[in-house]
Amino acid sequence: MAQSSNEIGLMGGLLRRYVYVLNDVGVVLYQRDALTEAMTLFQEAVQAMILLEQNQHIEHEKIRCAVQEKLELLSHYQARLEADESFPQPCAKEAQRRAAWKWRKCGLPGLFLPSATINRKEQFAWETPLVFADPFLVSQAASSSGPDLAEPHFVCEALFFNMALIHYCWGNTEQSLALFELAVSIVTHDDSHVCIASLNNAGWIHCCLGRLQNGMDLIMRALQRARTWRRQHAQILTPQEQLRVQDACIGKALINLGFLHYALGELEESMTSCLDAQDYLSLDDENNISLLWNLALLHHHQGQAREAVQHYKGFLEQWPHPQQHSYVATAWHNLGTLVHELGHVDHAMKPLLRALAIRRTMCPKNHPATSESLQQIGRALRERDNYGDALRVLEEALSIERTLDSSLQVAHILMDMGNIYQTLNRLDESVLAYKEVLRITRDVFGNRHSLVARILLILGNLFMELRRVADAMAAYGEAMRIQGQENVLQLDAFTSHLVSGVRLEEHPSASCA
């Protein structure tokens with residue numbers, strides 16, 4: 001492949017300019033969500049690059065005129081794009097595709113999943129925007145960073161990278177991965193931004209598909225190359241803008257690395273990566289907002305409630321998008337839950353109610369996220385001795401979970417309701433609730449599980465309060481046989497305490513952060 005416009009002649013120079021404009025107009029279309037149109041231009045640019053490679057010394061007048069005509073039309077199209085931000089309007093087919101990549105409009109890159117469930121492959125990739133999600137402009141790189149970046153290898157890298165972004169938006173993760181890896185395979189400079197971004201995104205996709213070791217290897221390669229470039233150029237007269245861009249690359253790679261540690265359950269290593277990323281990102285970098293969420297989540301999972309509250313508040317204060325978003329709802333919910341756990345029940349109600357309002361708006365009817373909010377609000381109301389409202393809220397959550405056929409969540413809610421019924425001296429209703437909990441626990445864990453014994457002890461105490469001594473002794477006896485105890489009197493103090501303070505969190509299906 002030729003190295004300069006002097007060598008490739010007039011036809012080569014014209015084709016090169018044509019490729020520049022095709023790529024950069026495609027980038028604008030991508031940013032306007034006109035992905036089909038953008039992909040068409042990127043593919044045409046690749047074909048022009050092939051022509052440039054194979055026919056770089058050919059200057060046929062007919063070909064030259066055709067390319068010149070296309071270039072003029074494209075320039076007019078580019079001018080219209082710059083003048084009208086609403087242009088173009090996506091076609092109906094494109095609008096239907098938006099459901100598959102809706103996350104581009106409502107998510108931030110680098111956000112950890114609320115729970116590190118890496119094996120949920122069918123949902124994982126759709127919920128996680130790429131950290132390196134900005135397409136590469138060719139003509140701007142050529143004009144602002146010198147002629148090296150305008151060389152054909154850079155143009156090809158950029159085109160393949162940009163096409164990979166669109167495939168990822170469409171949910172074609174394997175095709176996207178192949179294009180990112182293709183971009184890496186043709187690089188001539190290991191420390192180029194396209195190479196580092198492609199390695200990171202390829203690693204991220206491997207992670208999304210459950211191939212964690214492959215993802216770790218690629219992201220570590222990207223991080224090593226970015227840091228090597230940074231060390232080499234820190235000692236010479238390198239423009240600050242280039243250093244800033246490279247620092248951003250390192251920060252983003254560290255976010256990806258932090259997520260991999262998080263997915264592997266290595267929370268301390270993940271925390272270290274996130275804190276290191278903060279040192280490299282500029283204050284106005286959008287990824288700092290993602291880091292606030294990630295740090296909040298890491299503190300939450302490690303039981304550091306006060307630190308988690310601080311970071312959840314920071315995340316909510318800086319969130320730049322409309323409030324109707326699942327991560328915003330989760331942040332409000334987790335914030336309310338932690339404030340509740342810290343003993344500030346009154347202050348917990350506002351964030352919990354905000355989370356519920358968002359989830360009612362966003363989620364379809366009978367969604368588990370809505371039920372989660374209702375359950376936590378019910379617990380807070382119970383601790384405020386507002387038993388009537390607590391029962392009303394919990395009954396709604398119970399109705400949702402019965403619709404979803406979620407037996408353990410049904411048991412969760414019934415445990416809470418049984419406790420409230422007992423507090424209100426509605427003992428018969430409490431017995432009915434705990435009997436259903438007993439049935440579910442037996443179905444899920446078997447008849448000899450220790451949790452079955454615990455629920456039998458609760459029922460035994462309720463029967464004693466109702467003066468149903470025979471039923472109480474039968475429940476105590478079965479509990480003793482499960483636990484291997486010989487003297488039921490030894491359990492009396494324990495069971496009395498358990499009945500007076502049954503908490504949802506004591507059930508094995510209680511959820512974590």
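A distance of 6.5 Å separates CD of Glu181 from CG of Leu218, quoted to the nearest 0.5 Å. In this structure, CD1 in Ile219 is found 10.0 Å from NE2 in His206, a value given to the nearest 0.5 Å. With rounding to the nearest 0.5 Å, the separation of CG in Asn201 from CD1 in Ile196 is 12.0 Å. Note that CE of Met271 and NE2 of His261 are 13.0 Å apart. Values are rounded to the nearest 0.5 Å.
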* To do: Would you sort out whether Thr40 and Leu29 count as a side chain to side chain contact (heavy atoms under 4.5 Å, CB included), showing the intermediate values?
  => CA-CA 10 Å; Thr40 300; Leu29 290 170; over 6 Å; no
* Asked: What's the verdict on side chain to side chain contact (heavy atoms under 4.5 Å, CB included) for Tyr387 and Asp385, showing C-alpha distance, side-chain angles and the deciding distance?
  -> CA-CA 5 Å; Tyr387 300 118; Asp385 298 333; 3.0 Å; yes
* For salt bridge (charged side-chain N to carboxylate O under 4.0 Å, His left out), just list the numbers for Arg481 and Glu478, CA-CA rounded to whole Å, side-chain angles, deciding distance to a tenth of an Å, and then say yes or no. => CA-CA 5 Å; Arg481 288 190 292 274; Glu478 186 176 354; 5.1 Å; no
* Given His325 and Ile358, is the side chain to side chain contact (heavy atoms under 4.5 Å, CB included) satisfied, shown in steps? -> CA-CA 7 Å; His325 186 267; Ile358 295 172; over 6 Å; no
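Within a 6.0 Å radius of CE in Met464, no more than 12 heavy atoms belonging to other residues, nucleotides or ligands are found.
No salt bridge links Arg392 with Glu395; every basic N to acidic carboxylate O contact stays at or beyond 4.0 Å. Ion pairing between a basic and an acidic side chain is recognised when a charged N comes within 4.0 Å of a carboxylate O; Glu174 and Arg211 show such pairing. With respect to the salt-bridge test (charged N to carboxylate O, under 4.0 angstrom), the residues Arg221 and Asp217 do not qualify.
With hydrogens and angles disregarded, a donor-acceptor distance shorter than 3.5 Å links the side chain of Asn288 to the backbone of Ser282. A donor-acceptor pair is defined here as one N or O able to donate and one able to accept, closer than 3.5 Å; no such pair exists between the side chain of Glu401 and the backbone of Ala397. Judged by distance alone, the side chain of Ser176 and the main-chain N or O of Asn172 form no donor-acceptor pair under 3.5 Å. Here the side chain of His412 pairs no donor or acceptor atom with the backbone of Leu408 at under 3.5 angstrom. The backbone N or O of Trp332 lies less than 3.5 Å from no partner atom in the side chain of Arg354, so there is not a single donor-acceptor pair. Under a 3.5 Å cut-off, the side chain of Asn162 and the backbone N or O of Pro135 do not form any donor-acceptor pair.
Classification of the Trp293-Phe315 ring pair by plane angle, with boundaries at 30° and 60°, yields tilted.
Screening Phe42, Tyr168, Phe136 against Phe161 for a ring-ring contact (aromatic ring centres under 6.0 Å, His included) leaves a single residue, Phe136. Leu414 pairs with exactly one of Leu438, Asn419, Leu394, Val437 by the side-chain contact (heavy atoms from CB on, under 4.5 Å) rule, that one being Val437.
Residues His340 and Gln376 bring a donor and an acceptor atom of their side chains to less than 3.5 Å of each other. Remark: the Ser371 side chain and the Gln375 side chain contain an N/O donor-acceptor pair separated by less than 3.5 Å.
Taking the centre of each ring, Phe259 and Trp204 come in below the 6.0 Å mark.
Closest non-hydrogen pair, Pro351 versus Gly336, comes out as CG-CA, 3.6 Å.
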